[in-house]
Amino acid sequence: LVLRQLRWRRNGTAAISPPVVSPPPSPPESAGRPSELVGGSTAVMRSFDKNQDGVIDAEEAAAIARDMAVKDEAKVEAQREAAGERKISRVFRRFARVLLLALLASVGINAGLTAGIIYAVKDTKVGDGGLLVSSDTGEVLKVASADIG
């Protein structure tokens, strides 16, 4: 769009030429104001015309090209940065999964060891005759019945 509006003169400068636009169809009475496409494009061109003489010379055209190159470079840099952030995010997710797995393993191992220790150090066992016997002394334990009634 910008290049179409530049008209080169013999002395190496360019003048703004209005864009070639076919006339719009006549709008109905309730359509409101006309399209601002032409006015918007000339406003953009005026923003690039630094000395406001109505002519885009070589220096101003170079400024336009530099501005576009800077914007493209910023876009590429933002894409690189976003890719790096996604990579870091993936690493942190993997690290969180490993930590969760380690936590679950630790809880499971702790529960298993606790059950093993409780089983190993039980104070009582059932003897040969079906009586409750102390593990330490081997004597029969005396148990009172609780009559509810």
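This structure is a prediction, so every number in the text was calculated from the model and none was measured. Because only heavy atoms are used, hydrogens play no part in the values below, and waters and symmetry mates are left out as well, while side chains stay in.
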Donor-acceptor pairs under 3.5 angstrom involving side-chain atoms of residues 75-95: please list them, not counting sequence neighbours.
{"residue": "E77", "atom": "OE1", "partner": "R80", "partner atom": "NH1", "Å": "3.0"}
{"residue": "S89", "atom": "OG", "partner": "R93", "partner atom": "NH2", "Å": "3.0"}

For this session: Taking side-chain contact (heavy atoms from CB on, under 4.5 Å) as the test, write out the residues that go with S106, two or more places apart.
Result: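 S106: no side-chain contact (heavy atoms from CB on, under 4.5 Å) contacts found.
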For this session: Keeping to residues at least two apart or across chains, list the salt bridge (Lys or Arg N to Asp or Glu O under 4.0 Å) pairs with something in residues 59-73.
Result: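 Residue pairs with at least one partner in residues 59-73: D67-K71.
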Taking transitive links into account, so neighbours of neighbours count too, which hydrophobic residues share a cluster with [X] at under 4.5 Å side-chain distance?
X: V133; value: none
X: L104; value: L100
X: L113; value: I109

